[in-house]
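Down below is the structure, laid out as C-alpha cells.
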Amino acid sequence: MWIPKWQRDRQSGVDSPVPTQAVSNEEFLPRPQSPQQRQWEQLIGELADEKAKKLGMARRDFMRTSMGLATAFLASNLVYGPNWDVDAAETLEPEATKEKFPKGEYFIFDVQTHFTDGVAIGFRSAEFVRNMGFDLKDNPDAYSFANYVKEIFFDSETSLAVISGVPGREINKDLAGKVLEGRDRRGGILPSWLMSQRKKELNELAGGTRALCQGNCAPNHYWDTGANAPDFPQLFEQMEREFTKYGIDSWKWYCHTDPGRSGDGFRLDDEKITYPFYEKSKELGLKTFSVHKGFASQSRTLGHFAHPGDIEKAAQDHPDLTFIVYHSALKHGPGEPQFQADGFFDPTTGDFAWHAELMKIKERNPQMSNVYPEIGSSFGMLAIAHPQMCQHLIGKNVKHYGADHVIWGTDCLWWGSPQWVIDAMKRFQISDELCEQFGYEKLTKEDKAKVFGLNAAKIYGIDVTKELKALPSDALTRLKTAYLNRGGQRDNAAQGWVRADA
Amino acid sequence: MNRIAHVLARAALLVLAAMGAVAVATMGQEKARPARPDPAAWGADHVGQPFPPYVTGDECLFCHRDVGPAWGQNRHQLTIRQAAPDDVSLAALRELPGGDSFADETQFMLGAERVTRFLKKSKEYGKLDLLSAAFSRREGQLKNDDSPAWQTSAFADRCAGCHATAVENKSQAFAAISLDCFTCHGDVPLEHTKDVSRVLLSSKTTEARKVISICGQCHLRGGKSKSTRKPYPNTFVAGDNLFRDFEVDFSDAAFAAAPAIDQHIYLNARDVAVLGHSETTCLNCHDVHGQSTAKHQDLNDAAICSTCHVPQTGNAKLRDGISPSQRLRMHSRVCDY
C-alpha cells in the first residue's frame with residue numbers, strides 16, 4: 001500500500017527537515033527504504049519526539065526549528081557515522097546553534113539558482129527531492145519568481161544569487177525580419193531576457209545588488225546550414241544584445257545541447273566554433289564562462305559533450321577567461337541507475353566519473369588558475385545519498401583546485417529552499433580516516449567562507465564588505481524580517497508517495 | 001485438332017463464366033459495405049513546408065530527468081548509434097584492404113539485429129555518408145565489400161526519414177540524428193506542464209487517427225510519399241494527417257506479402273485510417289518509453305492479435321512459423337528493425 005510521505009511522517013512522528021529516502025512521484029513503485037534509511041528516519045522521529053516533549057513543543061513545530069535540523073544531522077551521524085558537525089546541545093537549545101554558527105558568519109553567494117517562466121517542470125516530484133524539508137508543491141507557483149524570492153532570500157541565508165541559465169535559445173526575428181521582444185523570443189523555461197528582467201526588478205526592489213544573471217547564448221545556437229558553421233553575424237548580434245541590453249554577468253553553456261539545431265553539441269576547445277565566441281566576448285568585456293559539466297543523461301545523443309575533457313586546452317589557451325565548472329562534472333546523480341553501476345565510484349581511490357577527469361586536468365596543469373569547480377546539486381545530492389562520496393568531492397576539489405577555487409551553488413529552487421544545503425555545508429567535515437588515506441585537509445571556517453561566497457565574489461567583482469554593510473538596510477532584508485516576524489517559515493511536509501510498511 | 005480446340009474453348013468459357021460470377025459476387029459485397037472514410041480527409045499537413053521551430057530533446061530532458069538515464073537504450077534512440085570501437089562489425093571492416101580507414105572514419109552505426117551499416121558525418125549540414133559495405137550479424141561477415149565506398153546520398157534518399165529527425169524536404173538535411181522527442185510528441189509548448197493534452201501521445205492525447213499517423217510515419221514500411229516518392233513522409237509533423245501525402249497499400253494482397261510484424265501494423269492502421277475504428281491503436285500494446293510489451297496481455301483475442309497468435313487461445317499460442325525471435329528478424333523490402 002502507498003501513502004503520502006507526509007502522512008506516514010506524521011503518523012510515525014517524523015517531519016524530517018532533510019531527505020531521508022527516495023520518494024515516488026507516482027510514476028514508479030516506491031522503493032523500500034534501505035535498512036540505514038529506515039533506521040535514520042526512525043531515529044529522527046524518536047529523538048524529535050523526546051526533545052519536543054522535553055521542550056513542551058509540538059513535534060512538527062520542533063522539526064521546523066534549527067533544533068529539528070540539528071536532530072536530523074545528529075541522527076544521521078548515529079547511523080552513517082560522524083559526517084556532520086553537530087552537538088547534542090543544539091537539538092535542545094537554539095542558542096547553541098546560534099553560538100556555533102553566528103548569524104551572518106558567512107556571506108552566502110549562490111551562483112546556481114533558477115526559477116521558470118511560469119511552468120512546473122517536475123523537479124520537485126523527482127525521486128530524489130520528494131522528501132526535501134520544505135513545501136515541495138509541484139505547480140507553476142512553486143517554480144515562480146515570487147517563490148524564488150521567498151525560498152532563496154527569505155527561507156535561507158543566501159545574500160546574493162546568480163540567476164542561472166538553462167538550455168534554450170532565443171529567436172531573434174520573425175519571418176518578416178521584425179525583431180522580437182519579450183516572450184515572443186521564446187527561449188525555453190528560463191530565457192536570457194527573463195533572467196535579465198527579474199534581476200533588474202529584484203535589485204531595484206532591494207535597492208542594491210541581490211541578483212546577477214547569466215545569458216544562455218552559446219556557439220551552436222545560430223547556425224548557417226549552408227556553410228555548416230556558426231552563423232556568426234546572428235550569433236554576435238545575440239551576444240551583443242545579451243551583454244548590452246540584458247546586462248548579463250556570465251555566459252551559461254550547455255555544450256551537450258543543440259537548441260539551434262546545428263546537428264551537434266560543441267566543445268570548449270573547438271577553435272573554429274567556440275574560439276570566435278571567446279574573442280567576441282572579450283571584445284564586449286565579459287570574461288566569465290559558466291559551463292555545465294556532468295549529469296550527462298540530460299542529453300539525448302550529445303551527453304559526451306558534458307565531459308570536462310575540453311576544459312584543459314580552452315582554459316590554457318585563454319588564461320584571461322574564467323571557467324566555472326558547474327556540478328564539478330559529476331556524471332550521474334544518485335537518482336540515476338548508472339550511479340549504482342560498477343566502476344562509477346571507486347572507494348579505493350575516491351574517484352568517480354567524470355569528476356576524476358576534472359581533477360586530473362589540474363594535476364597535469366598545476367599552474368592553471370582560471371578553472372573553478374562549482375558544487376551545485378553534486379554536494380547536496382551526495383551529502384544525503386552518499387556522505388563518503390561527498391567528502392571525496394569536496395576533499396579532492398580543495399586538494400587539487402584549492403579552497404579559494406571551489407564555488408558555492410545549489411541548483412535551487414529546483415530542490416526547494418537552499419537552507420538545508422547551507423546547513424549541510426556548515427556542518428560538513430571530512431573524516432580523519434579520509435584525510436589520512438587521501439591527503440585531504442580538514443575544512444576550516446575560513447575555507448567554508450571562501451566556498452560559500454568569497455570566491456564567487458572575486459570572480460564577479462563583488463565588494464563583499466560593501467555588500468554586507470548595505471544588506472541590513474536594503475528593502476529585501478526588511479521584507480524578510482517582516483516575513484519572519486509574521487511567522488514565515490519553511491514547511492517540512494513532503495509531497496511524495498512511499499510504502500506504508502517501509 | 002477440332003476436338004482439342006473445342007475442349008480449350010469450353011474451358012475458356014467456363015473460366016470466364018467463373019470470373020464473371022466472382023466479379024458479380026464481389027460487386028454485390030462491395031455494394032453492401034458501408035462507405036469507407038477517406039484516410040486523407042481529416043486534419044492538416046506540412047507537406048513541402050519547412051519544419052516549424054520546436055523545442056529540442058535536450059531541452060526536454062533538462063526537465064524530464066526520469067526519462068534521460070534509460071533513453072539511451074531505447075530503440076527509438078538507437079535508430080542511429082555511436083560507433084563502438086570494439087564492435088565486431090568494425091573488426092571485420094578492418095580486415096578489408098584499406099579497411100582501417102573506413103573503420104576509423106565510421107562515427108555511427110545503423111541496425112543492430114540483422115544488418116549493420118556504417119555511417120560518417122558528411123561535410124554538408126544534416127547529412128551522413130553511408131558505406132556501401134554492410135555487416136551481416138547473422139552470418140558474421142561483410143556484404144557488398146568488393147569495392148566499398150562512402151555514398152553521399154543513399155542515407156538521405158532511403159533512411160533519413162526514419163533514422164533522423166526533421167528531414168527537410170528540399171535539402172533532405174536532418175536536424176538531429178536518431179529520433180528527437182519532436183518526432184512523436186510534436187512541437188510541445190511550454191504550457192504543456194499545465195495541460196498535458198498539449199503533448200501528443202500523452203495520456204490525454206491518444207486520438208486514434210493521430211496515433212496511427214505518428215507511429216505510421218515510420219512503421220508503415222513500404223509506404224511512399226506521393227510528392228517525393230521517397231519511402232518516408234514529406235515533412236511530417238506529429239499531429240498531421242500522414243495519409244494526405246503518404247501512400248500505403250492497404251490491400252489484402254499487400255497484407256499477404258508482408259511479414260507478420262508488418263501485417264499487424266497494416267491491419268491496425270487500416271482499421272483506424274480506412275475503416276474509422278478507434279478502439280485499438282499501437283498504444284494499447286506498446287509502452288514506448290518503458291520498452292515494455294506487458295500491455296499485450298490486455299488485448300485478449302482482438303483481431304489484430306491473430307496476425308501472430310492463434311485465436312481463441314487467449315493469445316497463449318503463436319501461429320506456426322511465428323516466434324518472438326523470428327518476428328523481430330523479419331524484415332521488409334525497405335529495411336530491418
Side-chain angles (χ1 to χ4, degrees), chain A residues 25 27-28 116-123 125-128 138-140 143 166-169 171 175 183 186-191 223-229 254 256-265 292 295-305 332-333 335-339 414, chain B residues 50-74 76-82 107-108 121-128 164-166 168 171 173-183 187 189-195 198 203 289-290:
Chain A
N25 61 359
E27 289 175 5
F28 59 89
T116 72
D117 189 11
V119 295
I121 56 175
F123 283 19
S125 50
E127 182 179 1
F128 170 73
D138 197 9
N139 56 35
Y143 296 92
V166 301
R169 67 148 204 164
I171 299 169
L175 291 174
R183 195 151 278 110
R186 295 178 62 152
I189 59 169
L190 185 51
W223 203 254
D224 179 343
T225 56
N228 201 15
Y254 292 83
H256 59 295
T257 67
D258 184 23
R261 292 200 239 160
S262 73
D264 221 338
H292 171 113
F295 291 105
S297 302
Q298 290 175 23
S299 174
R300 204 173 54 80
T301 59
L302 306 172
H304 51 287
F305 284 98
H332 296 293
E336 300 175 47
Q338 295 91 333
F339 185 83
W414 294 165
Chain B
F51 279 94
Y54 61 86
V55 175
T56 62
D58 297 334
E59 294 169 83
C60 302
L61 290 180
F62 183 81
C63 302
H64 293 274
R65 295 188 183 184
D66 52 334
V67 175
W71 188 249
Q73 296 309 310
N74 193 287
H76 290 78
Q77 169 67 8
L78 295 171
T79 55
I80 293 174
R81 63 187 196 282
Q82 297 280 338
Q107 294 169 290
F108 303 104
K121 275 187 186 173
S122 162
K123 284 180 185 165
E124 279 183 67
Y125 169 78
K127 296 280 178 68
L128 293 173
T165 299
E168 289 289 351
S171 64
F174 56 79
I177 61 164
S178 72
L179 306 184
D180 205 322
C181 312
F182 167 75
T183 306
D187 181 23
L190 278 184
E191 292 70 26
H192 73 279
T193 63
K194 296 171 197 162
D195 178 6
R198 308 284 298 267
S203 56
H289 279 238

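So you know, we letter chains A, B, ... as the sequences are listed, proteins then strands, and number each from 1.
- Contacts between B:L78 and chain A at a heavy-atom distance below 4.5 Å are absent for every atom of the residue.
- For the residue pair B:L61 and A:S299, the shortest heavy atom distance occurs at CD1-C, 3.6 Å.
- When heavy atoms are compared at a cutoff of 4.5 Å, A:F295 does not approach chain B at all.
- Contact record, B:P53 with A:I171: CB-CD1, 4.3 Å, taken as the closest heavy-atom pair.
- For A:P259, the parts lying under 4.5 angstrom from a heavy atom of chain B are both the backbone and the side chain.
- Considering every non-hydrogen atom in both A:S262 and B:Y125, the closest pair reads O-CE1, 3.3 Å.
- Proximity to chain A (any heavy atom under 4.5 Å) is shown, for B:F174, by neither the backbone nor the side chain.
- Atom CZ of B:R81 is separated from atom OG1 of A:T301 by 14.5 Å, given to the nearest 0.5 angstrom.
- For a residue to count as touching a neighbouring chain, one of its non-hydrogen atoms must lie under 4.5 Å from one of that chain's; by this rule A:D264 touches chain B with the side chain only.
- A:T225 OG1 to B:K127 NZ: the interatomic distance, rounded to the nearest 0.5 Å, is 10.5 Å.
- Ranked by heavy-atom pairs shorter than 4.5 Å toward chain B, the options A:G333, A:P167, A:A296 are led by A:P167.
- Interface remark: B:F51 contributes backbone and side-chain atoms alike to the contact with chain A (heavy atom separation under 4.5 Å).
- In this structure, chain B has a heavy atom under 4.5 Å from the backbone of A:H256, while its side chain stays farther away.
- For B:T56, the part sitting under 4.5 Å from any heavy atom of chain A is the side chain, from C-beta outward, and nothing else.
- Both the backbone and the side chain of B:A175 come within less than 4.5 Å of a heavy atom of chain A.
- Of all the listed residues (A:E336, A:R261, A:R300, A:Q298), the one sharing the greatest number of non-hydrogen pairs under 4.5 Å with chain B is A:R300.
- Your options are B:G126, B:G57, B:S178, and the one with the most heavy-atom pairs under 4.5 Å with chain A is B:S178.
- For the pair B:V55/A:R186, a side-chain contact is recorded, criterion being any heavy-atom separation below 4.5 Å from C-beta on.
- Of the atoms belonging to B:D180, heavy atoms from both backbone and side chain fall under 4.5 Å from chain A.
- Side-chain contact between B:K123 and A:N228 is absent, with no heavy atoms from C-beta onward closer than 4.5 Å.
- Of the residues A:V166, A:T116, A:I189, A:V119, the one that meets the side chain to side chain contact (heavy atoms under 4.5 Å, CB included) test with B:C63 is A:I189.
- Interface remark: B:Q82 contributes side-chain atoms only to the contact with chain A (heavy atom separation under 4.5 Å).
- In this structure, the side chains of A:H332 and B:P69 stay at 4.5 Å or more apart for every pair of heavy atoms.
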